[in-house]
Amino acid sequence: VDNADNTQNVENRQSCSNDPVPVDTDMKRKKKTKHYFEHHIKKILKQVCKDRDITQQAKSQLNELAIITCKLIKSKINHILTFSKKKTITEAEIQSAVKLIFTGQLAQKSVDEGSKCLANYLNRSKNEELKGQSRQLKADILIPPNILDSFLRENVNYISCHAPIFMAAVIEYFLSQVLELANNVSNRKKGVRIK
């Protein structure tokens, strides 16, 4: 009787080990967030207000906001390219997309900032002494254009070398305006860090 019970227990254990492990469907998978702009947000804040700091949560929320804004601009650019039957993204398409998404002074000043940084880049590119410098340094911006390159390159054949510089300047200006507003709110609350 004992042997029969032991054999049955072994068979039960073997059948259990072959059964698939039940998967908990309620478990939430962690969403991978890409930290495209997080490192640069603090630098932009120091330009806007030197004595302020920012929490990690606020930084990641601003990072998400910048990513969403880039995707919105990119979708508008795709519509413009389809309508105009072009295959190359230039600063003109970005300018049109920014004017469609942003409104009022934000749209105009974003475009002006993009044009100014692009002019800086073109002027400094002619200077032989600055020949080895990056596009970021030549354009005098904090966000590297290669980050925006990855957004613009998706599903598009060609991008002009000036387009990521223009887009980086626009996104940097947009983030600086958001941080300035957040700084004004935290001033009223008398906080040291932007939350």
Side-chain angles (χ1 to χ4, degrees), residues 32-54 56 58-78 81 88-99 101-102 105-183 194:
K32 286 186 179 179
T33 53
K34 296 195 175 181
H35 310 283
Y36 289 110
F37 303 99
E38 273 192 31
H39 177 67
H40 311 288
I41 287 166
K42 199 164 185 175
K43 290 179 183 177
I44 296 167
L45 177 64
K46 292 300 170 190
Q47 271 193 344
V48 173
C49 185
K50 289 181 182 177
D51 58 337
R52 287 270 173 216
D53 203 357
I54 188 166
Q56 186 59 42
K59 253 200 291 188
S60 53
Q61 285 173 347
L62 270 175
N63 179 57
E64 286 295 320
L65 177 66
I67 290 168
I68 290 164
T69 307
C70 287
K71 286 180 179 175
L72 281 170
I73 292 170
K74 179 63 169 61
S75 69
K76 290 291 179 192
I77 289 168
N78 287 342
L81 288 175
T88 307
I89 296 176
T90 64
E91 58 274 14
E93 282 77 34
I94 296 169
Q95 189 171 334
S96 301
V98 167
K99 285 180 178 177
I101 291 168
F102 297 160
Q105 281 192 338
L106 180 62
Q108 191 54 52
K109 288 188 177 179
S110 297
V111 168
D112 290 347
E113 192 65 29
S115 301
K116 186 185 90 177
C117 292
L118 190 55
N120 285 347
Y121 171 75
L122 293 170
N123 289 336
R124 289 176 182 172
S125 294
K126 293 172 188 173
N127 191 340
E128 288 294 322
E129 293 173 8
L130 305 173
K131 204 167 187 178
Q133 284 190 350
S134 66
R135 292 185 292 178
Q136 182 184 353
L137 287 171
K138 285 179 185 174
D140 194 25
I141 48 178
L142 296 171
I143 296 174
N146 63 337
I147 292 175
L148 283 307
D149 230 311
S150 60
F151 281 103
L152 294 172
R153 218 166 264 292
E154 201 175 317
N155 304 325
V156 174
N157 294 338
Y158 307 105
I159 299 170
S160 77
C161 62
H162 302 148
I165 298 165
F166 190 92
M167 181 93 157
V170 166
I171 296 299
E172 187 177 314
Y173 179 77
F174 172 67
L175 286 172
S176 71
Q177 291 305 297
V178 173
L179 285 165
E180 202 172 310
L181 287 170
N183 180 41
I194 293 172

Counterpart residues, side chain to side chain contact (heavy atoms under 4.5 Å, CB included), relative to C161 (two or more places apart): none

All salt bridge (Lys or Arg N to Asp or Glu O under 4.0 Å) counterparts of K42, not counting sequence neighbours: D53

Residues that L62 engages under side chain to side chain contact (heavy atoms under 4.5 Å, CB included), provided they are two or more places apart: I41, I54, L65, L175, V178, L179

Set of residues satisfying side chain to side chain contact (heavy atoms under 4.5 Å, CB included) with respect to S176, sequence neighbours excluded: I44, V48, Y173

Euclidean distance, Y158 OH relative to L81 CG, rounded to 0.5 Å: 13.0 Å

From CG (L148) to OG (S150), nearest 0.5 Å: 7.5 Å

Aromatic plane relationship, F174 with F102 - under 30° parallel, 30 to 60° tilted, over 60° perpendicular: parallel

Contacts of E172 that satisfy side chain to side chain donor-acceptor pair (under 3.5 Å) - sequence neighbours left out: none

Nearest non-hydrogen partners of S160 and T88, listed with the distance: N-CG2, 4.0 Å

Rounded distance [0.5 Å steps], CD1 in I68 versus CG in N63: 10.0 Å

Under the side chain to side chain donor-acceptor pair (under 3.5 Å) test, residues paired with T90 that sit two or more places apart: E93

Side chain to side chain donor-acceptor pair (under 3.5 Å) partners for D149, two or more places apart: R135, R153

Main-chain N/O of A119 paired to N123 side chain as donor or acceptor, under 3.5 Å: yes

Side chain to side chain donor-acceptor pair (under 3.5 Å) partners for R124, two or more places apart: none

Over all atoms of both residues, closest heavy-atom pair of A97 and I77: CB-CG1, 3.7 Å

Flag side-chain contact, heavy atom, 4.5 Å: I171 against I73: yes

Contacts of type side chain to side chain contact (heavy atoms under 4.5 Å, CB included), residue K74, not counting sequence neighbours: N78, I89, L152, V156

Acceptor/donor pairs from residues 109-116 side chains to any protein atom, 3.5 angstrom cut, sequence neighbours excluded:
{"residue": "S110", "atom": "OG", "partner": "L106", "partner atom": "O", "Å": "2.6"}
{"residue": "D112", "atom": "OD1", "partner": "Q108", "partner atom": "NE2", "Å": "3.0"}
{"residue": "S115", "atom": "OG", "partner": "V111", "partner atom": "O", "Å": "3.0"}

Atom pairs and distances, side-chain donor-acceptor, residues 136-145, under 3.5 Å, sequence neighbours left out:
{"residue": "Q136", "atom": "NE2", "partner": "L142", "partner atom": "O", "Å": "2.9"}

Note, K46 side chain near K43 side chain (heavy atom, < 4.5 Å): no

Rounded distance (nearest 0.5 Å) linking atom OG1 of T69 with atom CD of E64: 10.5 Å

